[in-house]
Amino acid sequence: MNGRYENGALPEKVRLLYEAVLAMVTNGWDINRMKVSDITAQAGIGKGTAYEYFSSKEEIIANAVLYDVEMRLAHVLEITKGEGDFAGKFVQILTYMEEVFAKRQAFCLLVRIGTGSYEVSESMRRECEKRQQALGCHLADRIVESLMCQGVSEGTIGETNPYLQKLAFVAQMTAFAGYLVDLGKGEKMAVSREEAKRFVYEALVKSLN
């Protein structure tokens, strides 16, 4: 088993394992040093129980990280469905990214692994990549579709191929995430957060007009 949903629901003990990993990441644990016994102790379940659902520490952690990413994407989708114009919603998404990075949540960890700013074992990297592929793009696609439809209806962006819209959106999200990673390292930045937000927004609009 890989700890994913069964009959539409996440098994309670799997949820406890995920929440344990996420709490440990938020509290500053290095995932390279985590052991299955550490995770199960945090979760309050027996070590043997973890192996009923997962085959390795890497599988537990990768699934927990992607579980967190799914929750964050679901929240972003709700932002796109809420009140406000295209520009306001885009900035809300960037602000939410700031909050997630500030709390050192697992989404931030995945970005750092992907950008190479967080060293992990090859087995952990492979597991994260495998889980990302298994995650699917349905939530990300719905986020882009919802936001871009509004941008087109407002006349803020032109009618463009949906795939190109997704490329443009992901490119600017990645750019801002890279900015937040550098900021988290304590580096002195040449631009403020608000300047960075304005830049990626303007770059998105320009690329779709």
Side-chain angles (χ1 to χ4, degrees), residues 1-81 93 95-115 117-144 146 169-170 173-174 177 180-181 184:
M1 299 177 68
N2 64 3
R4 301 302 290 172
Y5 297 91
E6 296 176 348
N7 300 319
L10 193 68
E12 176 66 12
K13 290 177 181 177
V14 171
R15 184 185 63 78
L16 290 173
L17 288 168
Y18 288 175
E19 291 182 354
V21 171
L22 300 179
M24 293 165 78
V25 168
T26 300
N27 290 331
W29 273 72
D30 180 353
I31 62 172
N32 295 299
R33 297 181 179 276
M34 284 185 195
K35 295 183 289 189
V36 173
S37 57
D38 296 323
I39 298 170
T40 54
Q42 176 79 21
I45 62 177
K47 181 177 177 181
T49 302
Y51 288 108
E52 294 176 11
Y53 297 95
F54 301 97
S55 61
S56 66
K57 173 192 81 171
E58 288 79 10
E59 195 174 45
I60 298 172
I61 294 172
N63 273 286
V65 169
L66 269 296
Y67 169 73
D68 184 69
V69 170
E70 285 182 308
M71 291 192 295
R72 305 303 156 202
L73 289 177
H75 182 77
V76 171
L77 181 60
E78 289 306 307
I79 290 174
T80 69
K81 293 180 177 180
I93 293 170
T95 300
Y96 180 61
M97 285 180 65
E98 280 187 279
E99 294 171 1
V100 170
F101 272 71
K103 294 176 182 177
R104 296 189 299 186
Q105 292 172 323
F107 176 80
C108 170
L109 180 64
L110 185 64
V111 171
R112 292 178 62 200
I113 292 172
T115 58
S117 65
Y118 190 97
E119 293 292 332
V120 294
S121 67
E122 186 58 33
S123 59
M124 178 63 74
R125 184 176 297 279
R126 284 197 305 269
E127 195 63 45
C128 284
E129 290 173 353
K130 184 167 67 175
R131 292 300 143 210
Q132 280 181 273
Q133 292 170 0
L135 174 65
C137 300
H138 65 286
L139 275 174
D141 288 343
R142 289 170 63 193
I143 288 167
V144 174
S146 177
F169 180 80
V170 171
M173 290 294 103
T174 302
L180 293 176
V181 168

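Keep in mind that this is a model prediction, so the values were computed, not measured.
Considering every non-hydrogen atom in both Lys13 and Tyr53, the closest pair reads CB-CE1, 4.2 Å. Contact between Thr40 and Gly46 at its shortest, heavy atoms only, is CG2-O, 3.8 Å.
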Show the numbers, then the answer: is there a side chain to side chain contact (heavy atoms under 4.5 Å, CB included) between Leu77 and Thr80? CA-CA 5 Å; Leu77 181 60; Thr80 69; 3.7 Å; yes
Please step through side chain to side chain contact (heavy atoms under 4.5 Å, CB included) for the pair Val36 and Tyr51, ending with a clear verdict. CA-CA 9 Å; Val36 173; Tyr51 288 108; 3.4 Å; yes
For the pair Tyr67 and Val14, evaluate side chain to side chain contact (heavy atoms under 4.5 Å, CB included) and give the outcome as yes or no after the intermediate values. CA-CA 11 Å; Tyr67 169 73; Val14 171; over 6 Å; no
Before giving the answer on side chain to side chain contact (heavy atoms under 4.5 Å, CB included), spell out for Gln42 and Leu16 the whole-Å C-alpha distance, their side-chain angles and the decisive distance to 0.1 Å. CA-CA 9 Å; Gln42 176 79 21; Leu16 290 173; over 6 Å; no
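Rounded to the nearest 0.5 angstrom, Ile143 CD1 and His75 NE2 are separated by 10.5 Å. A distance of 9.5 Å separates CD1 in Ile39 from CZ in Phe54, rounded to the nearest 0.5 Å.
Using a 4.5 Å heavy-atom cutoff, the side chains of Val65 and Tyr18 are not in contact.
Inspection of the Arg72 and Tyr96 side chains reveals an N or O donor paired with an N or O acceptor under 3.5 Å.
Met24 pairs in a side chain to side chain contact (heavy atoms under 4.5 Å, CB included) with only one of the listed residues (Met34, Glu19, Arg33), which is Met34.
Distance alone, capped at 3.5 Å, is enough to place a donor-acceptor pair between the Thr26 side chain and the Leu22 backbone.
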